[in-house]
Asks: 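Okay, handing you the structure first.
Heavy atoms only: backbone and side chains are in, while hydrogens, waters and symmetry mates are out. We name chains A, B, ... by the order of the sequence lines, and we start the count at 1 in each one. All values reported here derive from a predicted model rather than from experimental measurement.
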Number of protein chains: 2
Amino acid sequence: MTKKMLEQSGKTIPLQQMVTFRLARLHAKTNAQSTRILNKSAGITLSQWRIMVLIESHGKTSPKEFVKHTKFDKGLVSRTIKGMIKNGLLYAESSDSDQRSHSVDMTEKGLALFERARPYMRERQVRLLDCLNKDERNALFESFDKLEVAIDSLDELL
Amino acid sequence: MTKKMLEQSGKTIPLQQMVTFRLARLHAKTNAQSTRILNKSAGITLSQWRIMVLIESHGKTSPKEFVKHTKFDKGLVSRTIKGMIKNGLLYAESSDSDQRSHSVDMTEKGLALFERARPYMRERQVRLLDCLNKDERNALFESFDKLEVAIDSLDELL
DNA sequence: ACTTTAATGTTGACAGGTCAACTAAATTTA
DNA sequence: TAAATTTAGTTGACCTGTCAACATTAAAGT
């Protein structure tokens, strides 16, 4: 297949301008960096970090709530929490009202690791936000919102 | 760790406002949807699709070029291409100038599958772009560029 | 020429993440 | 209340993606 043939065969959207492609690349980069920082600073994984961030801001949390707020896979959440309890980073409290459910909270050890990683993660977050001005930041989050809605409305497309 | 970092270490940025978090969630959604569309329309994976998109826009391509343009893992690229050749979607041509290298191009079968998936993927792409106006689109891509640069410049942070 | 260094790809091991089946408890409905 | 449905969480199978070690070839330095 020659380049000329391709040019004739219709309008192609350049790779660099595809939202999903750019999204994937940026996500891969940020993810890899988070993983490195978290491993080096506190020896924790990104999934563990995310659980702790939610607990830190919402207080004691159940897997259900976590899934609801983050849309992460409940299987992953279940396994991550299980591992964290085993490693003494979290402790579980069974719920009175629902025997299926339980809440988790950070132990001293978990909190200590969280505090070790936080300055680095925060600095990173701040620097990421600082590379955009206020308008750009707002526009970015707005676009994220719109894209999420668009994705959902596209599920009919199959 | 700098003094500034320590001073900030107590305050919390809400989860919903974290760039990386939003990025991860949006990426997960788009990825899952792509995977579904590609599987249903052509029985191919997202990795395979991406290889084909690059071949379609750049013509015959080597793994090296693919890695260079997309920043995807070379191991993944190697395995994906290997599988695609095995399934008759691509064919390889060894390079004269470099005995280590080879180029790949789409076979008829590969192209046919690509064409089957393309309308859906293009429609999706268009609809995603349509949910943003021109300014928002430009701003989004610009922000992506800036964030990628920022991420790279952050690697010193450890 | 020859040793060293860098580039290209392949492979194995593993963590991250998705999907679906499953258990058990709660809720709804008939 | 009993049956059916929904919800919370767990688990197994599987795929994707990352990292590092490796073989091979090319390029650079001496």
Side-chain angles (χ1 to χ4, degrees), chain A residues 20-21 23-40 43-51 61-87 90 92-104, chain B residues 20-21 23-40 43-51 61-87 90 92-104:
Chain A
T20 50
F21 170 80
L23 197 60
R25 202 171 69 184
L26 183 55
H27 171 256
K29 275 196 181 194
T30 55
N31 237 26
Q33 194 175 60
S34 304
T35 301
R36 240 178 297 134
I37 292 174
L38 289 170
N39 180 51
K40 183 134 188 171
I44 59 179
T45 68
L46 186 49
S47 305
Q48 292 177 336
W49 168 254
R50 282 174 174 150
I51 300 270
T61 304
S62 68
K64 166 192 158 194
E65 288 174 287
F66 190 82
V67 168
K68 183 182 158 198
H69 284 105
T70 63
K71 300 282 166 45
F72 290 155
D73 182 76
K74 64 180 182 173
L76 177 58
V77 170
S78 172
R79 266 185 270 258
T80 304
I81 288 179
K82 191 179 167 188
M84 291 173 80
I85 291 175
K86 192 180 165 192
N87 291 334
L90 300 180
E93 269 183 28
S94 53
S95 159
D96 326 333
S97 57
D98 190 333
Q99 290 311 113
R100 296 167 303 182
S101 185
H102 62 272
S103 303
V104 291
Chain B
T20 50
F21 171 79
L23 199 60
R25 201 170 70 184
L26 184 54
H27 172 257
K29 275 196 180 194
T30 57
N31 237 24
Q33 196 176 58
S34 305
T35 300
R36 242 178 295 136
I37 292 174
L38 290 170
N39 181 51
K40 183 135 189 173
I44 59 178
T45 68
L46 186 50
S47 304
Q48 292 176 335
W49 168 255
R50 283 175 173 150
I51 299 270
T61 304
S62 68
K64 165 193 158 194
E65 287 174 285
F66 189 82
V67 169
K68 182 182 158 199
H69 284 104
T70 64
K71 300 281 166 46
F72 290 156
D73 181 75
K74 65 181 182 172
L76 177 59
V77 170
S78 172
R79 265 185 271 257
T80 305
I81 288 178
K82 191 180 168 187
M84 291 174 81
I85 291 176
K86 191 181 167 191
N87 291 334
L90 300 179
E93 268 182 28
S94 54
S95 159
D96 325 333
S97 58
D98 190 332
Q99 291 310 115
R100 294 166 303 182
S101 185
H102 62 272
S103 302
V104 291

Asks: Taking for each residue the nucleotide of DNA chain C with the nearest heavy atom, is it B:Ala32 or B:Arg79 whose nucleotide lies nearer the 5' end?
Replies: B:Arg79
Asks: For D:dT11, take OP1 and OP2 only and decide whether either is under 4.0 Å from a side-chain N or O of A:Lys82.
Replies: yes
Asks: Rounded to whole Å, how long is the line connecting atom CD of A:Gln48 with atom C1' of C:dA15?
Replies: 11 Å
Asks: Give the rounded distance in Å between these two atoms: NE2 of A:His27 and C1' of D:dT18.
Replies: 13 Å
Asks: Starting at the 5' end of DNA chain C, which residue's closest nucleotide do you reach first, A:Ser47 or A:Ser97?
Replies: A:Ser47
Asks: Look at all strands and tell whether A:Asp73 reaches a base, only sugar-phosphate, or nothing, counting heavy atoms closer than 4.0 Å.
Replies: base
Asks: Which of these, A:Thr35, A:Leu38, A:Leu76, sits in a side-chain contact (heavy atoms from CB on, under 4.5 Å) with A:Ser47?
Replies: A:Leu76
Asks: Return the value, rounded to whole Å, for the distance between atom CG of B:Leu38 and atom C1' of C:dT18.
Replies: 16 Å
Asks: Please state how far atom NZ in B:Lys74 lies from atom C1' in C:dG12, giving the value in whole angstrom units.
Replies: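 After rounding, the gap between these two atoms is 14 Å.
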Asks: Strictly under 3.5 Å: I want the nitrogen or oxygen pairs between protein and nucleotides 4-7 of chain C, one per line.
Replies:
from  : atom 1 : to       : atom 2 : distance (Å)
C:dA7 : N3     : B:Arg100 : NH1    : 2.5

Asks: Among the nucleotides D:dT18, C:dG9, C:dG17, which one has an atom lying closest to any side-chain atom of A:Arg50?
Replies: C:dG17
Asks: State whether A:Asn31 places a side-chain N or O below 4.0 Å from either non-bridging phosphate oxygen (OP1 or OP2) of C:dG17.
Replies: yes
Asks: Just to confirm, is there a sub-4.0 Å distance from OP1 or OP2 of C:dT11 to any side-chain nitrogen or oxygen of B:Ser78?
Replies: no
Asks: Which listed nucleotide (C:dG9, C:dT18, D:dA26) is nearest to the side chain of A:Leu76?
Replies: C:dT18
Asks: Is A:Thr35 near enough to C:dA15 that one of its side-chain N or O atoms lies under 4.0 angstrom from OP1 or OP2?
Replies: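 Indeed not, no polar side-chain atom of A:Thr35 lies that close.
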